[in-house]
**Student:** 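Please find one structure pasted underneath; my questions will follow.
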Amino acid sequence: MRVRFAPSPTGYLHIGNARTAVINYIIAKKYNAEYIIRIEDTDKERSTKESEISILQDLKWLGINWTEGPDMDKGHGPYRQSERDHIYKEYTDRLLKSGHGFRCFCSREQVEEDKAKAMAENKPFHDRCRNMPLAEQERLAAEGKEFTVKFKVPENTEISFDDKIKGTVTFNSDNIGGDFIIVRSDGGPVYNYIVIIDDALMEVTHVIRGEDHLSNTPKQILIAKALDLPVPEYAHLPLILGSDKKKLSKRHGITSVDLYKQEGYLPEALMNYLGLLGWSTESGEELLEFERLVELFELENIGKSPAVFDFQKLKWMNGAYLKKYPLDKVTEMFIPYIKAAGFETLPERSKLEDIISALRNSCEILSDISKFIGIFLNEINEPDEETDSHLKEDYAIDIIKICNELIEQITPDEISSFISKVKEKSPHKGKKLFHPIRAIVTGRLSGPELDIVIPIIGFDKLKKRIKYAYSRYC
RNA sequence: GUCCCCGUCGUCUAGGGGUCUAGGACAUCGGGUUUUCAUCCCGGUAACAGGGGUUCGAAUCCCCUCGGGGAUGCCA
C-alpha cells in the first residue's frame, strides 16, 4: 500500500491541507504503507522554493515522517512535477496520436462563446477543434499558432468509482464540463492531467485528498483509461470550514501551521485535533495520542459532511496536553516563551519548575505564559486597570496597611505564614481579603495560589511589592 | 444554469426502523472545592432543515423543496 501527500508550494502549509496530510499519515502507519511527498509545482507563477521548504518543515514539526519524497528518492522520482516534464510530454504525444487528445487553436473568447451556447441549449460542450485531423493540428502548430492541448471527453459514458468515504459516485461524461485543457498554451501541463499519471507512475494505491477534488476525479479516471494506467482507490475528505460555514480562510483565524507552532501549540495536540476532526471514537475519548489514533481510526468512520474548525476546542485540547505531560518536559517547552516574554536570565532549574508547576494550569498554549510569568520574575508588577480600581477600594487600603506593617515585623523565614498573619489582623475575609493580597503581590486579579506564589518570589520581592502598593495607594 | 457531494445541540459528533423522553465532548450557564481568580468535581440549558410518503412504528428507508459546499478553459 502506498499513499501520498501532494502539496503545491504556493504558500504556507494550510491547516486544511495539514489535516489531509495527517489522515494520510495515520493510514500509512496503520497499514504499514509508504508515505510519499510529491511537490505539485506546475503553477510556475506562484510556486516558490521557500514555501516548499516551509511546508516540509511544518510537516516534520507535526510529526509526519515520509518515506519517499524530494529529499528521499526511492526510485520513483523526481518528486517535483516541475522536474517531470519529459515524462508528461511522452504521455501527451501518446494522447495526441491515439486521438484521445487534440490541439485546440481557439481563442478564449471563442471557447467562452461556444460554451455559453452549449450551456444555454443544455447540451454537452464539444470543442470546435475536437475533430481536427492530426496532420492539420501539426501544421498549424508548426506555423506557430498558439494552442492548448485538450482531452477529448467521450460522449455519454458512465464514470463511477467507489469512494471510501462518499460511497459510490457516478458521473456521466456529458456532465463534466466538456473537453478540458491538459496542457496550457505555454506548454505546461495542468494538475488535473498529471496527477493521475504521477499517481500511477509512483504506484500510489490510495489517494486520500480533499473533497474539492471530487468533481475532478472523473476527468482523471478518463485520462487513466485513455493511457491504460491503473486507477487508485479514492477517499475524499470533507472540507474544513470556518465559523460561517465558508471554506476556512485567514479571516476565520489562524490557518497556517507555522503560526500554531509559533503561538505555542504542541504538535501532538494539533495532530490529535486534526486526526479526530470528522469522526469520534466509540467510547467518546478524545485525547488520543498518535498511536491511539492509528489504532482506532478507519477511513470508513469519517463523516461525509464538512466540519467547522473549532479554535476553542483545539485550545482546550492543547491545554489538556500541557497538563498531562511531565513537569520537566513542559518546563523545557515553556522556556523559549518565557525568554520571548523578555526574561533572558531564568531562575535556577528547580525554582523554574516550581513556577511552571504553578502556572501550567493557567495556560492553554505555551505563549499564555507571557501573561503570568511576570508574577514571579518581575520585581514589581504594575497593576492593570481593573486591578488598579480594586486597590483603590477602602477594604483594599486596609489590607495594604496591614501588609505594610507586617512586612516590617517578620523575618524572611516567616514568609510562608505571611498570609495567615495578615488574616489574623484583617477585619475583612474571603474575597475582600484575598483579592487585595493578590493584587498587591502580583499586580493582577488572577493567577496561581498565593500560598505558592509568595514562597517562590521570596521575602525581598514581597517587601518591595508591598512598599510599592503602599506608596501608590496610601 | 448544469452536474457531483452534504444537512442531528452554538461547534465536533454518537446514532444505521422500535432500547431516543436523542448520548458524549468543547463552549455556555448554575452549584461545590479553593476563606480570592484559575484548575478540578458535580449539575443544567440546548439539536434530528422543511414537506410528503413507506411502515404497526422513522433521526434512521424513498421522493420533493430549501440550505451549504465543490466542479464547470488555461489554481491545485
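This one's a predicted model, so the numbers in the text were calculated from it and none came from an experiment. Chain identifiers are assigned alphabetically (A, B, ...) following the order of the sequence lines, protein sequences preceding nucleic acid strands; residue numbering begins at 1 within each chain. Just so it is clear, the values below take in all heavy atoms, side chains as well, and ignore hydrogens, waters and symmetry mates.
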**Student:** I'd like the C1' distance from A47(B) over to A14(B), given in whole Å.
**Tutor:** 13 Å
**Student:** Within 45° of the ring axis of Phe180(A) and under 6.0 Å from its six-membered ring centre, is that where the NZ or CZ of Lys219(A) lies?
**Tutor:**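 Flagged: Lys219(A) positioned over aromatic ring of Phe180(A).
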**Student:** Using a 4.0 Å heavy-atom cut-off, does Thr148(A) contact any base of the nucleic acid, only the sugar-phosphate backbone, or nothing at all?
**Tutor:** base
**Student:** Taking atom CG of Asn318(A) and atom CD of Glu364(A), what is their separation to the nearest 0.5 Å?
**Tutor:** 8.0 Å
**Student:** Say we look at A59(B) and G18(B): how far apart would their P atoms be, to the nearest angstrom?
**Tutor:** 11 Å
**Student:** Just compare G24(B), U2(B), A27(B) and give me whichever is closest to any side-chain atom of Trp316(A).
**Tutor:**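 Ranking G24(B), U2(B), A27(B) by closest atom to the Trp316(A) side chain puts A27(B) first.
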**Student:** With rounding to whole Å, what would you report as the distance between G16(B) and U21(B) at their P atoms?
**Tutor:**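 Roughly 14 Å separates the two P atoms.
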**Student:** Do Asp199(A) and Arg38(A) sit within salt-bridge range, that is, some charged N less than 4.0 Å from a carboxylate O?
**Tutor:** yes
**Student:** Where the side chain of Ser305(A) is defined as all heavy atoms beyond and including C-beta, which of G69(B), U36(B), C6(B) is the nearest nucleotide?
**Tutor:** C6(B)
**Student:** Tell me whether Asp388(A) is salt-bridged to Lys392(A), with the criterion being a basic N under 4.0 Å from an acidic carboxylate O.
**Tutor:** yes
**Student:** In terms of side-chain heavy atoms of Ile181(A), which of A27(B), C3(B), C74(B) is nearest?
**Tutor:**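 Looking only at side-chain atoms, Ile181(A) lies closest to C74(B).
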**Student:** Is the phosphate of C6(B), meaning OP1 or OP2, less than 4.0 Å from a side-chain N or O of Lys304(A)?
**Tutor:** yes
**Student:** When all nucleic acid strands are considered with a 4.0 Å heavy-atom cut-off, which category describes Lys315(A): base, sugar-phosphate, or nothing?
**Tutor:** nothing
**Student:** Quick one: label Leu450(A) by what it contacts on the DNA or RNA (base, sugar-phosphate, nothing), any heavy atom closer than 4.0 Å.
**Tutor:** base
**Student:** Taking atom C1' in both G10(B) and G52(B), what distance in whole Å separates the two?
**Tutor:**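 Between the two C1' atoms, the distance is 30 Å.
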**Student:** For a quick check of understanding: with a heavy-atom distance under 4.0 Å over all strands, which category does Tyr191(A) fall into, base, sugar-phosphate or nothing?
**Tutor:**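 Base contact - Tyr191(A) has a heavy atom under 4.0 Å of at least one base atom.
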**Student:** Look at the side chain of Lys431(A) and decide which nucleotide, out of U11(B), U36(B), C74(B), has an atom nearest to it.
**Tutor:**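 Nearest to the side chain of Lys431(A) among the choices is U36(B).
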**Student:** With a non-hydrogen cut-off below 4.0 angstrom, is Arg444(A) in contact with a base, only sugar-phosphate, or nothing?
**Tutor:**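 Arg444(A): no heavy atom of the nucleic acid under 4.0 Å.
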**Student:** Taking C12(B) as the reference, what is the distance to A49(B) when you measure between their P atoms (whole Å, please)?
**Tutor:**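 My reading of the P atoms in A49(B) and C12(B) gives 14 Å.
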**Student:** What does Gly210(A) touch in the nucleic acid at a heavy-atom separation under 4.0 angstrom: a base, only the sugar-phosphate, or nothing?
**Tutor:** nothing
**Student:** Base, sugar-phosphate, or nothing for Ser185(A), non-hydrogen atoms under 4.0 angstrom?
**Tutor:** base
**Student:** For Phe290(A) together with Tyr25(A), are the ring centres under 6.0 Å from each other?
**Tutor:**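 Ring centres of Phe290(A) and Tyr25(A) closer than 6.0 Å.
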**Student:** Between Gly284(A) and Lys166(A), just flag the one whose closest nucleotide in RNA chain B comes earlier from the 5' side.
**Tutor:**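 Of the two residues, Lys166(A) wins.
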**Student:** Side chain of Asn216(A): nearest nucleotide among C74(B), A76(B), C40(B)?
**Tutor:** A76(B)
**Student:** Measure from the side-chain heavy atoms of Lys219(A) and tell me the nearest of A25(B), U72(B), A14(B).
**Tutor:** U72(B)
**Student:** Between U36(B) and Lys432(A), is there an OP1 or OP2 to side-chain N/O distance shorter than 4.0 Å?
**Tutor:** no
**Student:** When you get a sec, tell me which of C26(B), A25(B), C74(B) is the closest nucleotide to the side chain of Asp310(A)?
**Tutor:**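 Of C26(B), A25(B), C74(B), C26(B) is nearest to the side chain of Asp310(A).
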**Student:** Give none if G43(B) has no partner; otherwise give the nucleotide forming a Watson-Crick or G-U wobble pair with it, both distances under 3.5 Å.
**Tutor:** C29(B)
**Student:** What nucleic acid atoms does Thr170(A) come within less than 4.0 Å of, heavy atoms only: base, sugar-phosphate, or nothing?
**Tutor:** sugar-phosphate
**Student:** Is there a side-chain contact between Lys150(A) and the phosphate of C74(B), meaning an N or O under 4.0 Å from OP1 or OP2?
**Tutor:** no
**Student:** Would you say Arg184(A) places a side-chain N or O within less than 4.0 Å of OP1 or OP2 belonging to A76(B)?
**Tutor:**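 Yes.
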**Student:** Which nucleotide sits closest to the side chain of Glu449(A): A38(B), A76(B), U11(B)?
**Tutor:** A38(B)
**Student:** Determine the interatomic distance between P on C64(B) and the same-named atom on G17(B); round to the nearest Å.
**Tutor:**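 Between the two P atoms, the distance is 23 Å.
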**Student:** Could you tell me whether Lys432(A) and Glu393(A) have a side-chain N and a carboxylate O separated by less than 4.0 Å?
**Tutor:** no
**Student:** Could one point to a donor on the side chain of Asp212(A) or the base of A71(B) with an acceptor on the other under 3.5 Å away?
**Tutor:**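 No, the side chain and the base share no sub-3.5 Å donor-acceptor pair.
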**Student:** With distance as the sole criterion, do the side chain of Lys313(A) and the base of A25(B) form a donor-acceptor contact below 3.5 Å?
**Tutor:** yes
**Student:** Where does the angle between the aromatic ring planes of His14(A) and Tyr12(A) fall among parallel (under 30°), tilted (30 to 60°) and perpendicular (over 60°)?
**Tutor:**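 Because their plane-to-plane angle is under 30°, the rings of His14(A) and Tyr12(A) count as parallel.
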**Student:** Given A27(B), G1(B), C12(B), identify the nucleotide with an atom nearest to the side chain of Met119(A).
**Tutor:** G1(B)
**Student:** For U45(B) and U33(B), measure between their P atoms and round to the nearest Å.
**Tutor:**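 Rounded to whole Å, the distance is 23 Å.
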**Student:** Nearest whole angstrom, please: distance from the C1' of G24(B) to the CH2 of Trp279(A).
**Tutor:**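 From Trp279(A) CH2 to G24(B) C1': 14 Å.
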**Student:** In whole Å, what separates the P atom of G44(B) from that of G23(B)?
**Tutor:**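 To the nearest whole Å, 10 Å.
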**Student:** Counting side-chain heavy atoms from C-beta on, which of A25(B), C6(B), C74(B) comes nearest to Pro306(A)?
**Tutor:** C6(B)
**Student:** Please work out if His236(A) contacts a base, only the sugar-phosphate, or nothing of the nucleic acid, heavy-atom cut-off 4.0 Å.
**Tutor:** nothing
**Student:** Should the pair Phe105(A) and Phe147(A) be assigned to parallel (<30°), tilted (30 to 60°) or perpendicular (>60°) ring geometry?
**Tutor:**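 It falls in the tilted class, 30° to 60°.
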**Student:** On the nucleotide A76(B), are OP1 or OP2 found under 4.0 Å from the side-chain N or O atoms that Thr42(A) carries?
**Tutor:** yes
